[in-house]
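A quick write-up on the structure given underneath.
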2 protein chains.
Amino acid sequence: MEMKSVTRSLRVLEAVARHQPVTVGELTRIFGLPKSTVQRTLVTLNEAGWLRANRKDTTRWEIGARVLAVRPAALQGSSLFAAAREPMIRLRDALNETIHLSVPDALQGMVVVDRVDCDHAVRTYHAIGDTSPLHATAAGNAVLAHLGKSEIDEVTAGTLEGYGEETITDPGQLRAELCRVRERGYAVNHNQYLQGVCAIAAPVLDGEGTPLAAVAASLPDSRFEPVRLPELGRLVAETAAEITARHLA
Amino acid sequence: MEMKSVTRSLRVLEAVARHQPVTVGELTRIFGLPKSTVQRTLVTLNEAGWLRANRKDTTRWEIGARVLAVRPAALQGSSLFAAAREPMIRLRDALNETIHLSVPDALQGMVVVDRVDCDHAVRTYHAIGDTSPLHATAAGNAVLAHLGKSEIDEVTAGTLEGYGEETITDPGQLRAELCRVRERGYAVNHNQYLQGVCAIAAPVLDGEGTPLAAVAASLPDSRFEPVRLPELGRLVAETAAEITARHLA
DNA sequence: GCATAGCGTTCCACAATGCGGCATGCTACT
DNA sequence: AGTAGCATGCCGCATTGTGGAACGCTATGC
């Protein structure tokens, strides 16, 4: 059950996305594959409408617009997305910190789906599409805290990878932290994943209480003031609640 | 140069996107392909991370978050996207009409990449990822008007498909219309493509004057008042100019 | 409680399919 | 003119994906 050509084509597509606009030769160097193989793949992807030649240099390839019609269920019709946008901007205006909207991907991790930037010279950066672990991020914990016990166990069952001093790697400790998250309504990440990056996050739920996404305010360590935490947490949680309400309406 | 399995896999991916969460059986009925073929394709796409099983019903498939990392060049790093967002919301607030951001796709047509809805009960609807023809839409004309002569000829060379009474199908007439668009700074579509749908659009340009995208206010025929056109056009053009300025900054 | 229908999944022999080394033609420097 | 690097075209071989058929399961109906 392999479908080598399909697997390879998708990896080529991802490579084009990262390096666009890119030439055949550059891709052969990235993959170490024969030129004819890469070339054939590109032509096929182009015929399918997923790739197109750059308008200025027709030997360079870039991603076609077809991909935009293919989006995760949580964003279909973009109702969650649209519901989140204005509250996110207001939250950014209130805090002047970068705000992220992330969705869980099959319990593998959180994926950033939208972002509103702050205007500080020093700011955190996560591109749309970036993934991060559930157990070591504020957004991940916010979602995790509102899953069923069986699902929490599923995640805490495997080894919890550590990313530094602060990462919670003990399943028991993580479960205790998730309880606190549930009680106070927001999750906090203080250097648990990326060094120097902190975040405060709250979940967006559907009608049945299942977490669909998380809103997070992400800021550098240097601006993180523990005293302001209750206030920030409250604002983030209110924003998440507003998105939940708008999304259901 | 065919790569049948790749082409089919991508079509399956698109079908999953449209019907998610979807089962193997439903897909076999859509495509009329053998079950084993569809099944194999799904497993392969899943292994590549582009598909995942639904959490509640594990025999249903949906789009994975991996696709979000694959975006057209114009949206990479989402700077255009981010630059457009707030001006679009302000324009929506000013007009209370649905605002679209569209990018041209290899001179094939315009693709909707973002949307801000109005709150009228009667409103136009275009999903993100939808495509429409360059010669019969306001967004298309806005972009077309700012392309080089050779590119305009390229588009006006083929037959211009008609979609109703109002569509401009004569290349000469279209070129004249594009001149007017350039002069007044915005394009207008009055029932030229979809019946009952009108729009006013203006282009977002890069540093060299090449059109990257178009902002459009889209409204039902019933609310279209020719008297207000200069005012609406001015507001749309100002919004596009602001997005251009923010994007360059 | 047995029969049936429909589902997702697995298996396997066949041959169609994509593979990749090689050759070509192009453009751009030197 | 010569060379280097590029994208692209060709074609025989064997690897690869194909799809019919069989399996096991669950739900529905008699």
Side-chain angles (χ1 to χ4, degrees), chain A residues 1-64 73 106-107 150 154, chain B residues 1-64 73 106-108 148 150 154:
Chain A
M1 199 77 73
E2 190 122 298
M3 298 253 244
K4 221 160 146 180
S5 60
V6 173
T7 307
R8 199 186 34 226
S9 297
L10 293 173
R11 294 189 53 227
V12 167
L13 200 62
E14 289 164 12
V16 171
R18 265 197 303 282
H19 298 102
Q20 62 187 318
V22 72
T23 65
V24 179
E26 285 161 4
L27 288 169
T28 66
R29 260 169 270 127
I30 290 170
F31 288 105
L33 287 170
K35 255 197 290 201
S36 38
T37 304
V38 174
Q39 163 81 341
R40 195 156 4 93
T41 305
L42 290 172
V43 170
T44 304
L45 290 173
N46 175 58
E47 281 169 359
W50 285 64
L51 233 54
R52 64 183 190 199
N54 185 287
R55 310 214 44 256
K56 291 166 185 170
D57 178 352
T58 54
T59 70
R60 290 188 170 269
W61 298 92
E62 53 193 29
I63 298 294
L107 298 188
S150 63
E154 195 181 318
Chain B
M1 199 77 75
E2 190 122 296
M3 298 254 243
K4 224 160 145 180
S5 60
V6 173
T7 306
R8 200 186 32 230
S9 297
L10 293 174
R11 293 189 53 226
V12 167
L13 199 63
E14 289 164 13
V16 171
R18 264 197 303 282
H19 298 103
Q20 63 187 314
V22 73
T23 65
V24 178
E26 286 162 2
L27 289 169
T28 65
R29 259 168 271 127
I30 290 169
F31 288 105
L33 287 170
K35 256 196 296 196
S36 41
T37 303
V38 174
Q39 164 81 338
R40 194 153 9 90
T41 305
L42 290 171
V43 170
T44 304
L45 291 173
N46 175 57
E47 282 169 358
W50 286 62
L51 235 52
R52 64 183 189 200
N54 184 286
R55 309 212 42 255
K56 290 167 186 171
D57 179 351
T58 54
T59 71
R60 289 188 171 271
W61 298 92
E62 53 193 29
I63 298 295
L107 298 189
Q108 300 300 308
S150 64
E154 196 182 319

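Reminder, nothing fancy here: chain letters follow the sequence lines and each chain counts from 1.
Not a single donor-acceptor pair, N or O on each side, falls under 3.5 Å between the base of D/dG9 and the side chain of A/Arg40.
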Polar-atom pairs under 3.5 Å, protein N or O versus N or O of nucleotides 2-8 of chain D: list them with distances, or write none.
unit_1	atom_1	unit_2	atom_2	d
D/dC6	OP1	A/Arg29	NH2	2.8
D/dA7	OP1	A/Thr23	OG1	3.2
D/dA7	OP1	A/Val24	N	3.1
D/dA7	OP1	A/Gly25	N	3.3
D/dA7	OP2	A/Gly25	N	2.9
D/dA7	N7	A/Lys35	NZ	3.4
D/dT8	OP2	A/Gln39	OE1	3.0
D/dT8	OP2	A/Gln39	NE2	3.2
D/dT8	O5'	A/Gln39	NE2	3.1

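Spacing between atom CG of B/Leu27 and atom P of C/dT9 amounts to 12 Å, rounded to whole angstrom units. The CG-C1' distance, from B/Leu42 to C/dC7, rounds to 14 Å in whole Å. A/Phe31 has its CZ atom 13 Å from the P atom of C/dG20, to the nearest Å.
Tested against B/Glu62 for a side chain to side chain donor-acceptor pair (under 3.5 Å), the candidates B/Arg52, B/Gln20, B/His19 yield a single pass: B/Arg52.
Closest of all the heavy-atom pairs between A/Pro21 and A/Glu26 is O-OE1, 4.4 Å.
Listed by chain and number, the residues in a salt bridge (charged side-chain N to carboxylate O under 4.0 Å, His left out) with A/Arg55 are B/Glu151 (sequence neighbours excluded). For B/Leu33, the side-chain contact (heavy atoms from CB on, under 4.5 Å) partners at least two apart in sequence or on another chain are B/Arg8, B/Phe31, B/Val38.
Out of D/dG19, C/dG18, C/dG21, the shortest distance to the side chain of B/Lys4 is found at C/dG18.
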Query raised in the report: Going through the distances and angles, do A/Val43 and A/Leu51 end up as a side-chain contact (heavy atoms from CB on, under 4.5 Å)?
Result: CA-CA 8 Å; A/Val43 170; A/Leu51 233 54; over 6 Å; no
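A donor-acceptor pair is defined here as one N or O able to donate and one able to accept, closer than 3.5 Å; no such pair exists between the side chain of B/Glu47 and the backbone of B/Thr44.
Within 4.0 Å of B/Ser5, counting heavy atoms only, lie sugar-phosphate atoms of the nucleic acid but no base atom.
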